[in-house]
Enquirer: 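Handing you this structure, nothing more for now.
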Amino acid sequence: MINITLPDGSVRQYQEGVTSFEIAQSISEGLARNVLAAKVNDTVWDINRPINEDAAVQLLTWNDDLGKNTFWHSSAHLLAEALEELYPGIKFGIGPPIENGFYYDVDLGDRQFSQDDFAAVEKKMLELARNKSEFTRREVSKAEATDFFTEKGDEYKLDLIKDLADGTITFYTQGNFVDLCRGPHLPNTSFIKAAKLMNVAGAYWRGDEKRKQLTRIYGITFPKQKELTEYLERLEEAKKRDHRKLGKELELFTFSEKVGMGLPLWLPKGTLLRERLEQFLRKAQTRAGYQPVVTPHIASKELYVTSGHYEKYGADSFQPIKTPNEGEEFFLKPMNCPHHCEIYKTRPRSYKELPVRLAEFGTVYRYEQSGELHGLTRVRGFTQDDAHIFCRPDQVKEEFTKVIDLVLYVFKALGFNDYTAQISLRDPENKQKYIGADEAWEKAEAAIIEAAQEKELRTVTELGEAAFYGPKLDFMVKDALGRKWQLGTIQVDYNLPERFQLEYIGADNQKHRPVMLHRAPFGSLERFVAVLIEHCGGNFPIWLSPDQFAILPISEKYQEYAQQVKESLEQEDIRGYIDSRDEKIGRKIRDAEVSKVPYMLIVGEKEQENNAISVRKHGEGDLGSISVGEFIGMFKSKIAELLNN
RNA sequence: GCCUCCAUAGCUCAGCUGGUAGAGCAACUGACUUGUAAUCAGUAGGUCGUUGGUUCGAUUCCGACUGGGGGCUCCA
């Protein structure tokens, strides 16, 4: 008998060689029907694999990420089997599960594969799934594995096998399809009841652009048809929130072929939104002791030679601007920090005045690869809500904590509740890759971790993800389509103070080198606005909404009264417009609803007589008639509620 | 930058296998003077992204370019 420890801590005894499936059966029929894989100690296993010694076992179902992984991994094999049947002789790369589904990289030879072929493949997958083919695991020797794929002529699998150690290689077979695979897999294919191919794209073999490009086929599968339907509905919903679509509909921003790709043009409404965000952060930064500065859009090449960016990025940047004078070269500013270093250096600094916090909404230009551009989230010209904090080494932790506070304040005011903080530390194996003293790094890394803990952030720690000049903490959020974006960032920098020879005079009357922190709560205004649009589906918090009200006169007889109302509101800094078109009220309401104006103020005979307005809230409907003064009071207290948290 | 798909009126889209384009909305004009999600009628608007080629003839077929979508690579 062996002891099996379950996740609730209970221990059960089973015969040696018991499978996870049998364990599930012994617990409940329902569980046995739903179990997809099992975590045995720390490895995920097939549920029909015998367990021969004491172990901790966690049964995994569709509700576990690891269960889903197994489901989708097996689905990738099913996709491969279907493709092989339909297109004999094709070769296979890798086919892993991903966050939403799975993909398989295949070499289709000269064959074309497009969306038109999806239906046939989906049909074949479901047909094969119904065969209830078992996934059988088999350990093979390296020689056998090599022989198998040599005969099959699949150089990609051979390339993979080359890097595997003999004795650790396993094959999985379902139906007629044999694949090199570590597993685990579902017991059989019949669990897969719904399948949909999502996308085809090119992907280099092993992510190396010098190697052959394979066809990557993305798909997703579910244990129930209904779940697929729901998933597709969610995707439709997400598409409606796409910031590129809403940005156009709400007239926030646009792009012009003539201006150039990746260079957004902010329309009046988008500009209002942006300026309100800036004002909001400016205020918060003033409270937090930042000093605004302004620096030009171009700078002499020498600045970037000093900062080291020229050497590292010069060739991949927008190329220099030349003047009529021989040898003079200027670069479009790709970042604000070198300028801020020069501001710091403008006079000697005492330890007493540190930290110095210099803030700038600085517009920068970076030559991003054309294929990487995407709406407002990835552009070639953007404005960072940048600031650089120059402080003493002993102030790093406190400053870090203060920045986290600021970022959390911003997130909270804007309703971002779903974010994670990624802490990027250096690779402990490769310390020589990084600039700065070992001791300083250790201190800074500890400071970041402690600060994050104290603020109770949900964090993931990535070793080796630090920049060469210092560790960092990034706030990540997801957009409507589930893509992750980095918003706020806080980075420690040991490099620039060194390169710019920054100094302060310490209490000991000696020169010391300050530590520099880069930080940007929004990251860039462009990206932040994009994520915000998707986050709220275009229904901005009222303090940010470009038009905060729309006055809708019943007929043109009330135009004059509408104008009076508008002026009263504008005096209180509430912004909006009068819809004075010659249209029926129903039409005006509809158009205002579609354009997502938070408040519609209807004025007609009754309102004019009573010196009132009828308030209709976007998405909610008629709130009844109140005086303009009452409306102003309500409006202002709503904003205060959102901002003073 | 690479692979792949796409490009028709301001917007959303139709246009079968090649014979120089159509709808709805928006715009403009007129009528209606309106009470909580689209009043009616009329007018105007396109060298079918650009550019080569095939053809008697190209929005339609082929190539290149530009821009966009999806992905790969990269990201101070």
Side-chain angles (χ1 to χ4, degrees), chain A residues 98 103 105 108 112-116 198-218 239 242 244-245 248-249 251 254-262 304 307-314 316-317 331 333-338 364-375 377-380 384 386 467-470 472 481 483 486 489 491 493 495-496 518 520 552-559 581-595 600-607 614-625:
Chain A
I98 51 177
Y103 66 81
D105 284 346
L108 293 163
Q112 289 290 313
F113 188 80
S114 74
Q115 304 219 339
D116 301 337
M198 303 305 294
N199 217 341
V200 257
Y204 300 105
W205 174 236
R206 305 208 137 178
D208 180 349
E209 64 183 299
K210 288 178 195 69
R211 301 211 213 195
K212 176 145 188 184
Q213 185 145 28
L214 306 179
T215 305
R216 177 167 295 180
I217 302 174
Y218 288 86
K239 267 192 201 155
D242 191 312
R244 292 165 302 184
K245 181 175 149 65
K248 188 186 269 180
E249 285 173 6
E251 299 184 339
T254 189
F255 288 90
S256 151
E257 217 174 288
K258 272 225 172 78
V259 172
M261 58 165 103
Y304 301 110
S307 72
H309 295 112
Y310 178 77
E311 192 190 357
K312 206 161 163 34
Y313 296 102
D316 303 321
S317 293
F331 274 85
K333 164 164 87 169
M335 54 195 351
N336 307 299
C337 28
V364 297
Y365 299 90
R366 297 180 185 175
Y367 185 79
E368 304 289 356
Q369 294 192 54
S370 63
E372 200 44 51
L373 302 172
H374 177 92
T377 52
R378 199 64 191 274
V379 287
R380 284 179 169 170
Q384 295 179 309
D386 211 358
F468 73 93
Y469 52 77
K472 61 179 179 176
L481 295 168
R483 283 176 293 232
Q486 177 206 318
T489 180
Q491 309 188 1
D493 188 342
N495 182 45
L496 286 181
H518 307 249
L552 313 179
I554 297 289
S555 81
E556 67 188 27
K557 283 188 240 162
Y558 313 105
Q559 180 68 24
R581 289 176 307 167
D582 195 6
E583 292 287 352
K584 290 192 166 172
I585 193 66
R587 175 53 179 279
K588 294 183 183 180
I589 288 172
R590 193 196 126 77
D591 288 346
E593 287 281 357
V594 168
S595 65
M600 286 152 274
L601 310 177
I602 294 151
V603 294
E605 193 176 351
K606 280 182 283 178
E607 289 77 13
S614 281
V615 180
R616 183 189 164 101
K617 182 126 195 267
H618 170 78
E620 289 179 24
D622 196 356
L623 299 185
S625 185

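Quick note on labels: first sequence line is chain A, next is B, and so on, each numbered from 1.
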Enquirer: Between B:G35, B:G70, B:C11, which nucleotide gets closest to the side-chain atoms of A:K248?
Expert: B:C11

Enquirer: Quickly work out the A:F255 CZ to B:G68 C1' distance and round it to whole Å.
Expert: 11 Å

Enquirer: Look at all strands and tell whether A:D622 reaches a base, only sugar-phosphate, or nothing, counting heavy atoms closer than 4.0 Å.
Expert: base

Enquirer: Please verify the inter-ring angle class for A:Y310 with A:F331; under 30° counts as parallel, over 60° as perpendicular, anything in between as tilted.
Expert: perpendicular

Enquirer: Just checking, A:R380 and A:Y365: is the charged tip under 6.0 Å from the six-membered ring centre and within 45° of the axis?
Expert: no

Enquirer: Can you tell me, in whole Å, how much space there is between the P of B:A58 and that of B:C72?
Expert: 41 Å

Enquirer: Parallel, tilted or perpendicular: which describes the rings of A:Y218 and A:Y103, with under 30° parallel and over 60° perpendicular?
Expert: tilted

Enquirer: Counting the atoms with a prime plus P, OP1 and OP2 as sugar-phosphate, which does A:E605 contact under 4.0 Å by heavy atoms, base, sugar-phosphate, or nothing?
Expert: base

Enquirer: Between A:E607 and A:G604, is there a donor-acceptor pair closer than 3.5 Å when you use the side chain of the first and the backbone of the second?
Expert: yes

Enquirer: Between B:U36, B:A38, B:G67, spot the one nearest the side chain of A:R590, thanks.
Expert: B:A38

Enquirer: How long is the line joining CD1 of A:I217 and P of B:U4, in whole Å?
Expert: 14 Å

Enquirer: Using a heavy-atom cut-off of 4.0 Å across all strands, would you classify A:Y103 as base, sugar-phosphate, or nothing?
Expert: nothing

Enquirer: Using the C1' atom as the point on both nucleotides, what is the distance between B:A37 and B:G1, in whole Å?
Expert: 48 Å

Enquirer: Between A:K588 (side chain) and A:I554 (backbone), is there a donor-acceptor pair under 3.5 Å?
Expert: no

Enquirer: Any side-chain N or O of A:R216 less than 4.0 Å from the OP1 or OP2 oxygen of B:C3?
Expert: no

Enquirer: If you check every side-chain atom of A:S317, which of B:U36, B:U34, B:A76 has the closest atom?
Expert: B:A76

Enquirer: Between B:U20 and B:U8, how far is it from one C1' atom to the other, in whole Å?
Expert: 13 Å

Enquirer: For a quick check of understanding: with a heavy-atom distance under 4.0 Å over all strands, which category does A:I589 fall into, base, sugar-phosphate or nothing?
Expert: base

Enquirer: Quantified in whole Å, what is the P atom distance between nucleotide B:G57 and nucleotide B:U43?
Expert: 37 Å

Enquirer: Using the C1' atom as the point on both nucleotides, what is the distance between B:U55 and B:G22, in whole Å?
Expert: 26 Å

Enquirer: In whole Å, I'd like the distance from the CD atom of A:Q486 to the P atom of B:C74.
Expert: 16 Å

Enquirer: In Watson-Crick or G-U wobble terms, both distances under 3.5 Å, what is the partner of B:A41?
Expert: B:U29

Enquirer: Give the nucleotide from the list B:C72, B:A76, B:C3 with an atom nearest to the side chain of A:Y218.
Expert: B:C72

Enquirer: What closest approach, in Å, do A:R616 and A:D622 show between heavy atoms, and which atom pair accounts for it?
Expert: CG-N, 3.9 Å

Enquirer: In whole angstroms, how far is the P atom of B:G68 from the CD atom of A:Q369?
Expert: 15 Å

Enquirer: Of the options B:U34, B:C2, B:U36, whose atoms approach the side-chain atoms of A:Q213 most closely?
Expert: B:C2

Enquirer: Counting side-chain heavy atoms from CB outward, which of B:G70, B:C75, B:A37 is closest to A:H374?
Expert: B:G70

Enquirer: For A:R244 and B:G70, is the shortest distance between a side-chain N/O and OP1 or OP2 below 4.0 Å?
Expert: yes

Enquirer: Check whether the side chain of A:R378 and the base of B:C75 form a donor-acceptor pair under 3.5 Å.
Expert: yes

Enquirer: Classify the nucleic acid contact of A:G604 as base, sugar-phosphate or nothing, counting any heavy atom under 4.0 Å across all strands shown.
Expert: base

Enquirer: Nearest 0.5 Å, please: how far is NZ in A:K248 from CG in A:D242?
Expert: 10.5 Å

Enquirer: Could you tell me how far B:C25 sits from B:G18 if I compare only their C1' atoms? Round to whole Å.
Expert: 31 Å

Enquirer: Tell me what A:G371 touches on the nucleic acid: a base, only sugar-phosphate, or nothing, going by heavy atoms under 4.0 Å.
Expert: base

Enquirer: From the list B:U12, B:A76, B:A37, which nucleotide is the closest neighbour of the side chain of A:M335?
Expert: B:A76

Enquirer: Write down the distance separating the C1' atoms in B:G24 and B:A9, rounded off to the nearest Å.
Expert: 12 Å

Enquirer: Quick one: which of B:A37, B:C11, B:C72 gets closest to the side chain of A:A203?
Expert: B:C72

Enquirer: Within a strict 4.5 Å, meaning less than it, do heavy atoms of the A:S625 and A:K606 side chains meet?
Expert: no

Enquirer: Sort out the partner of B:C72 for me: Watson-Crick or G-U wobble, both distances under 3.5 Å, none otherwise.
Expert: B:G1

Enquirer: State whether the distance check finds a donor on one side and an acceptor on the other, under 3.5 Å, for side chain A:Y313 versus base B:C75.
Expert: no

Enquirer: Carefully, step by step, assess A:F468 and A:K312 under the rule side chain to side chain contact (heavy atoms under 4.5 Å, CB included).
Expert: CA-CA 12 Å; A:F468 73 93; A:K312 206 161 163 34; 3.8 Å; yes

Enquirer: Is the distance from OP1 or OP2 of B:A37 to the nearest side-chain N or O of A:H618 less than 4.0 Å?
Expert: no

Enquirer: Roughly how many Å apart are B:C48 and B:G19, using the C1' atom of each and rounding to a whole number?
Expert: 16 Å

Enquirer: May I have the distance from A:E583 (atom CD) to B:C25 (atom P), rounded to whole angstrom?
Expert: 12 Å

Enquirer: Categorize A:E593 for me: base, sugar-phosphate, or nothing, with a 4.0 angstrom heavy-atom threshold over every strand shown.
Expert: base

Enquirer: Taking the side chain of A:S614 as its heavy atoms from C-beta onward, which of B:G35, B:G1, B:C74 lies nearest to it?
Expert: B:G35

Enquirer: A:K557 side chain: which of B:U36, B:U34, B:G70 is closest?
Expert: B:U34

Enquirer: Could you state the atom-to-atom distance from CE of A:M261 to C1' of B:A7 in whole Å?
Expert: 15 Å

Enquirer: Can you tell me whether the side chain of A:E607 and the base of B:G35 have a donor-acceptor pair closer than 3.5 Å?
Expert: yes

Enquirer: Specify the separation, in whole Å, of atom CD1 of A:I585 and atom C1' of B:U33.
Expert: 12 Å

Enquirer: Rounded to the nearest angstrom, tell me the gap between atom CD in A:Q384 and atom P in B:A76.
Expert: 11 Å

